[in-house]
Amino acid sequence: MTPSQPSAAVKLHLLVVDDDRLVLATLSKGLKYAGFAVTEAYSGEQALQLLQDLTPDLAILDISMPGVSGLEVARQLRAETQVPFIFLTAYGDEETVKEATESGAVGYLVKPIDTAQLIPAIKAGLARAADIVELQRNEAHLNQALESSREISIAIGIIMERARLDHDRAFQALRAQARRTRRQVQDLAKSLIAAHETLSQFDA
C-alpha cells in the first residue's frame, strides 16, 4: 500500500539505518514520497559518522547489524543528543523487546514492514518524544522553583534571627531590599546565605 503524499510543509528529517539495502531503499523511497526528508545509512558505523554533522528529527534503526548495532547507535544518540529513535527488527522475542524498551526507544516494529505501517509509528514516536521533552522541561522548572524556595526560606530565617522579626516581616524586608538594590529576590537570598556562612566562620 502506498501512503498519500501530504501537502508541502517543513519536512521532517529522518535518518533510516538498515544493513539490508533493499529494505533501506524501499523504506526511504516510501518515506520521501510521503513528504519526509530522508538520510540513509547502511551500517551503524555510517550512521554514527553522519550524526556528527546532522541532527535528524527521528532515527529509524535496524537493531541487528554487523559491526555497530542499532542498539549501540541508540546508546550514543541518547547519551549525546535528544534525537528520538524507533527500532526495526526481524525478531519479536521478549529479550529483544526488553533491550529496545530499556534503550529509550519511542517505537518498536517487527519486520517485514511497509511505509504505510511505518508512518503512524513515526508520528506516534515524535509525539511521545515531544511529551518526554516537555516532562523534562517541567521537571527542571520545578527543581529550579524548589531550589529557589529553599534559598529564600533560609534567607528569611537568617533575617528573622538577626533582626528579631517574624516570618512575614522578614520576607517583606528581603523583598524591599531586593527592590532597592534592583536584584532578584533569589539572587539576594543567595548573597545573604553566603555572607551568613562567612560570618559564621568567625563566630566559630
Side-chain angles (χ1 to χ4, degrees), residues 1-140:
M1 185 187 335
T2 303
S4 59
Q5 190 170 8
S7 59
V10 176
K11 290 187 177 182
L12 291 171
H13 187 185
L14 306 176
L15 172 64
V16 183
V17 188
D18 200 308
D19 65 313
D20 185 326
R21 300 204 184 202
L22 178 59
V23 171
L24 180 63
T26 302
L27 290 180
S28 296
K29 181 179 178 180
L31 290 170
K32 288 175 184 176
Y33 182 83
F36 296 97
V38 179
T39 297
E40 301 175 19
Y42 53 81
S43 68
E45 291 88 347
Q46 186 186 25
L48 292 178
Q49 185 175 6
L50 289 169
L51 286 166
Q52 293 177 12
D53 299 313
L54 64 86
T55 304
D57 295 293
L58 181 83
I60 301 167
L61 309 173
D62 181 24
I63 287 185
S64 299
M65 295 184 289
V68 176
S69 71
L71 286 168
E72 291 176 81
V73 175
R75 278 192 283 269
Q76 184 152 328
L77 280 174
R78 192 173 185 185
E80 300 180 8
T81 74
Q82 288 190 315
V83 175
F85 48 90
I86 289 173
F87 282 127
L88 301 181
T89 179
Y91 308 99
D93 60 275
E94 185 177 340
E95 185 60 32
T96 304
V97 173
K98 181 181 177 183
E99 282 186 296
T101 303
E102 291 177 348
S103 72
V106 294
Y108 178 91
L109 295 168
V110 178
K111 298 177 183 178
I113 185 170
D114 61 23
T115 311
Q117 295 169 298
L118 185 54
I119 289 175
I122 290 171
K123 292 179 179 178
L126 288 168
R128 184 180 174 197
D131 288 343
I132 291 170
V133 169
E134 184 63 23
L135 285 171
Q136 291 171 338
R137 185 182 295 117
N138 290 340
E139 183 180 6

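Fair warning: this is a prediction, and the values are worked out from it, not measured in the lab.
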Roughly how far, to the nearest 0.5 Å, is the [atom2] atom of [Y] from the [atom1] atom of [X]?
X: Tyr33; Y: Thr115; atom1: OH; atom2: OG1; result: 11.5 Å
X: Ile113; Y: Thr26; atom1: CD1; atom2: OG1; result: 12.5 Å
X: Ser69; Y: Asp19; atom1: OG; atom2: CG; result: 11.0 Å

Taking all non-hydrogen atoms of both residues into account, name the closest pair between [X] and [Y] and its distance.
X: Phe87; Y: Ala105; answer: CD1-CB, 3.6 Å
X: Ile86; Y: Tyr108; answer: CG2-N, 4.3 Å
X: Ile119; Y: Ala34; answer: CD1-CB, 3.4 Å

According to the ring-ring contact (aromatic ring centres under 6.0 Å, His included) rule, which pairs have a member within residues 52-77, sequence neighbours left out?
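Residue pairs passing ring-ring contact (aromatic ring centres under 6.0 Å, His included), neighbours aside: none found.
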
Report the C-alpha separation of Phe85 and Leu15 in whole Å, then their side-chain angles, then the decisive distance to 0.1 Å, and conclude whether the side chain to side chain contact (heavy atoms under 4.5 Å, CB included) test is met.
CA-CA 9 Å; Phe85 48 90; Leu15 172 64; over 6 Å; no

Among residues two or more places apart or on two chains, list those pairs meeting salt bridge (Lys or Arg N to Asp or Glu O under 4.0 Å) that have a residue in residues 71-82.
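Listed by first then second residue: nothing to list.
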
Going by heavy atoms in the side chains, are Leu118 and Leu27 under 4.5 Å from each other?
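Yes, close enough: below the 4.5 Å cut-off.
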
Got a list of side-chain donor-acceptor pairs under 3.5 Å for residues 40-50, not counting sequence neighbours?
| from | atom 1 | to | atom 2 | distance (Å) |
| --- | --- | --- | --- | --- |
| Glu40 | OE2 | Ser28 | OG | 3.4 |
| Ser43 | OG | Gln46 | N | 3.0 |
| Glu45 | OE2 | Val68 | N | 3.2 |
| Gln46 | OE1 | Tyr42 | N | 2.8 |

Would you list the atom pairs, donor with acceptor, under 3.5 Å between side chains in residues 55-62 and any protein atom, with sequence neighbours excluded?
| from | atom 1 | to | atom 2 | distance (Å) |
| --- | --- | --- | --- | --- |
| Asp57 | OD2 | His13 | N | 2.7 |
| Asp62 | OD1 | Lys111 | NZ | 3.3 |

